[in-house]
**Student:** 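Attaching a single structure in structure tokens format; questions to follow.
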Amino acid sequence: MAKRVFSGIQPTGTLHIGNYLGAIRNWVDLQRGHDCIYCVVDYHAITIDVDPKELRAASRSMALDLLACGVDPERSILFVQADVPQHTELSWILGCVTSYGDLARMTQFKDKSEKQEFVSAGLFTYPILQAADILIYKALGVPVGEDQVQHLELSRRIARRFNARFGELFPEPEPIVTKGARIMSLADPASKMSKSAGPTHYVGVMEAESSIRKKVRSAVTDVGLTPGEAMSAGVANLFLILEIACETLGDAATVSELKAEFADGRLLYSQLKDTTFERLMGVLRPIQERRARIAAAGDVDDILADGARRASAIASQTMREVRDKVGLGAAA
RNA sequence: AAGCCCGUAGCUCAAUUGGCAGAGCGUCCGACUCCAAAUCGGAAGGCUGGGGGUUCGAGCCCUCCCGGGCUUGCCA
């Protein structure tokens with residue numbers, strides 16, 4: 001049996017090229033040779049303030065984005081987290097083998113809680129739910145970015161502690177270190193591309209072409225470098241986007257040509273931007289078209305229902321084992 | 001549950017005794033630039049958390065509600 005992989009993404013905001021080039025592209029590739037379970041994590045989304053009128057639509061929309069990007073429901077399981085409520089049941093139990101001190105050490109919690117005026121307990125216990133997401137499917141691999149490594153290590157600790165206390169059940173999930181595509185904000189190349197920094201900082205995968213052109217054109221570069229000098233962060237970021245886009249398109253020549261021009265000090269940044277924009281659209285356009293086709297077909301809800309059904313089958317089996325090992329409930 | 005403090009533009013905060021709701025940052029447009037940034041010029045942006053009241057006049061005073069923070073409790 002192929003190695004099982006789990007990963008999730010929050011349904012807040014739209015998918016941006018940092019998400020796609022950094023993570024989702026790998027999700028798609030992992031489908032070859034792995035047994036993949038992909039999840040739109042709406043339980044996680046409500047750890048911060050979210051509009052209930054928008055959440056469900058956002059979850060569906062994110063699922064649609066993922067399908068458009070190439071997540072294949074024939075090969076993988078795609079579902080919305082709250083459609084498999086066993087995630088939260090396991091989360092409670094795992095919370096009881098998680099140390100308070102471990103949670104208090106999570107840097108992402110510290111960062112996020114500083115920015116919120118209302119800090120929910122859910123934000124604090126978030127990594128436990130994340131561990132439940134992974135362990136309930138006994139996933140062996142989890143594709144993660146650098147920012148999630150700490151959380152995955154906690155998941156491993158939780159699995160280990162559960163096994164030690166209640167008997168061997170969960171395999172320790174291994175990180176799948178993906179090609180280090182860390183796309184930076186175009187407006188501020190010192191910080192990672194994110195939706196929270198505002199619309200000028202990210203390029204949406206489904207964004208209108210004219211808008212994307214504008215954003216790529218306004219990318220921060222530098223005042224001009226002398227030949228032989230290292231690239232500035234902004235230029236390096238454009239090259240990174242260009243490189244991944246060209247790789248996807250099977251175009252090896254363009255990047256090396258532009259890099260040679262850069263080394264000679266005769267690269268015009270306007271040209272780099274135009275080329276990057278063009279190649280990026282070469283990648284995004286088919287995704288956008290596919291999204292339109294899938295949306296028109298109108299079977300996303302069916303796909304998600306089927307995904308939830310298949311995920312539930314695994315999750316409820318694991319929960320039977322968990323309840324048995326822990327001794328929960330009156331019925332055996 | 002009680003006490004105290006807080007809520008003003010997207011964000012951080014001003015606003016004299018109760019007297020025209022403002023600034024910085026961000027956003028948008030323009031100039032400059034190979035493209036951008038920075039800089040300069042311009043613009044948009046508000047039910048002052050909500051309801052009621054006092055007053056000629058309320059961001060400011062009274063009252064209730066909602067939300068947040070801190071403190072001391074109560075119940076499980």
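Order of the sequence lines sets the chain letters (A, B, ...), proteins ahead of strands, with each chain counted from 1. Side chains included, hydrogens not; waters and symmetry mates left out as well; all remaining heavy atoms used.
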**Student:** Does A/Thr200 make a side-chain N or O approach to OP1 or OP2 of B/U27 shorter than 4.0 Å?
**Tutor:**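 For A/Thr200, the contact criterion (side-chain N or O under 4.0 Å from OP1 or OP2 of B/U27) is met.
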
**Student:** Going by salt bridge (Lys or Arg N to Asp or Glu O under 4.0 Å), name the pairs with one or both residues in residues 292-303 of chain A, residues two or more places apart or in two chains.
**Tutor:**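 Salt bridge (Lys or Arg N to Asp or Glu O under 4.0 Å) check on residues 292-303 of chain A returns A/Arg60-A/Asp301.
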
**Student:** Side-chain contact, heavy-atom cut-off 4.5 Å: A/Thr14 with A/Tyr202?
**Tutor:** yes

**Student:** Under a 4.0 Å N-O cut-off, is there an ion pair linking A/Glu174 with A/Arg156?
**Tutor:** yes

**Student:** Could you state the atom-to-atom distance from CG of A/Asn237 to P of B/A37 in whole Å?
**Tutor:**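 Atom CG in A/Asn237 sits about 16 Å away from atom P in B/A37.
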
**Student:** Expressed in angstrom and rounded to an integer, what is the separation of A/His201 atom NE2 from B/C28 atom P?
**Tutor:** 10 Å

**Student:** Work out how far the P atom of B/C6 is from that of B/C60, and round it to whole angstrom.
**Tutor:** 13 Å

**Student:** Between atom CD1 in A/Ile48 and atom P in B/G68, what is the gap in whole Å?
**Tutor:** 15 Å

**Student:** With no hydrogens and no angle check, just 3.5 Å: does a side-chain donor-acceptor pair link A/His44 and A/Gln10?
**Tutor:** no

**Student:** Please give the distance between the C1' atoms of B/C64 and B/U27 as a whole number of Å.
**Tutor:**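 After rounding to an integer number of Å, I get 38 Å for this pair.
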
**Student:** What interatomic distance, in whole Å, is found between C1' of B/C29 and the corresponding atom of B/A44?
**Tutor:** 10 Å

**Student:** Rounded to whole Å, how long is the line connecting atom CD of A/Glu117 with atom P of B/U12?
**Tutor:** 8 Å

**Student:** Considering only atom C1', compute the distance from B/A14 to B/A23 and round it to an integer number of Å.
**Tutor:**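 It comes out at 7 Å once rounded to the nearest Å.
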
**Student:** How would you label the contact of A/Asp222 with the nucleic acid (heavy atoms, under 4.0 Å): base, sugar-phosphate, or nothing?
**Tutor:** base

**Student:** Please work out if A/Thr221 contacts a base, only the sugar-phosphate, or nothing of the nucleic acid, heavy-atom cut-off 4.0 Å.
**Tutor:** base

**Student:** Classify the side-chain pair A/Gln150/A/Thr107 by whether it contains a donor and acceptor separated by less than 3.5 Å.
**Tutor:**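 Result is yes, a qualifying pair exists.
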
**Student:** Return the value, rounded to whole Å, for the distance between atom CZ of A/Phe118 and atom C1' of B/C6.
**Tutor:**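 To the nearest whole Å, that distance equals 16 Å.
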
**Student:** Is the shortest side-chain N to carboxylate O distance from A/Glu321 to A/Lys138 below 4.0 Å?
**Tutor:** yes

**Student:** Base, sugar-phosphate or nothing for A/Lys214? Non-hydrogen atoms, less than 4.0 Å.
**Tutor:**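 Here A/Lys214 touches the backbone only, sparing every base.
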
**Student:** Between B/U33 atom C1' and A/Lys273 atom NZ, what is the distance in whole Å?
**Tutor:** 10 Å

**Student:** Could you tell me how far B/C13 sits from B/U17 if I compare only their C1' atoms? Round to whole Å.
**Tutor:** 23 Å

**Student:** In dot-bracket notation, what is the pairing pattern of RNA chain B, taking Watson-Crick (N1-N3 plus N6-O4 or O6-N4) and G-U wobble (N1-O2 and O6-N3) contacts under 3.5 Å, with [ ] crossing and | for other strands?
**Tutor:** (((((((..((((.....[..)))).(((((.......))))).....(((((..]....))))))))))))....

**Student:** What integer number of Å spans the C1' atoms of B/U63 and B/U55?
**Tutor:**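 It comes out at 16 Å once rounded to the nearest Å.
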
**Student:** Okay, side chain of A/Gln31, backbone of A/Asp72: is any donor-acceptor separation there less than 3.5 Å?
**Tutor:** yes

**Student:** Would you say the side-chain atoms of A/Ser185 and A/Asp188 include a donor-acceptor pair closer than 3.5 Å?
**Tutor:**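 Looking only at side-chain atoms, A/Asp188 and A/Ser185 do not form any donor-acceptor pair under 3.5 Å.
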
**Student:** To the nearest Å, give me how far apart NZ (A/Lys215) and P (B/C28) are.
**Tutor:** 9 Å

**Student:** Between B/A9 and B/G46, how many Å separate the two P atoms, rounded to a whole number?
**Tutor:** 10 Å

**Student:** When you compare B/A21 with B/U48, how far apart are their C1' atoms, in angstrom units rounded to a whole number?
**Tutor:**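 So the two C1' atoms sit 8 Å from each other.
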
**Student:** Please confirm whether the backbone N or O of A/Thr12 pairs with a side-chain atom of A/Lys195, one donor and one acceptor, at under 3.5 Å?
**Tutor:**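 Looks like yes, one N/O pair under 3.5 Å.
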
**Student:** When you check the side-chain N and O atoms of A/Gln130 and A/Gln148, is any donor under 3.5 Å from an acceptor?
**Tutor:** yes

**Student:** Find the distance A/Leu186:CG to B/A36:P and express it as a whole number of Å.
**Tutor:** 13 Å

**Student:** When you measure from every atom of RNA chain B, which of residues 263-270 of chain A have a heavy atom less than 4.0 Å away?
**Tutor:**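 Contacts with RNA chain B under 4.0 Å: A/Leu268, A/Tyr269, A/Ser270.
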
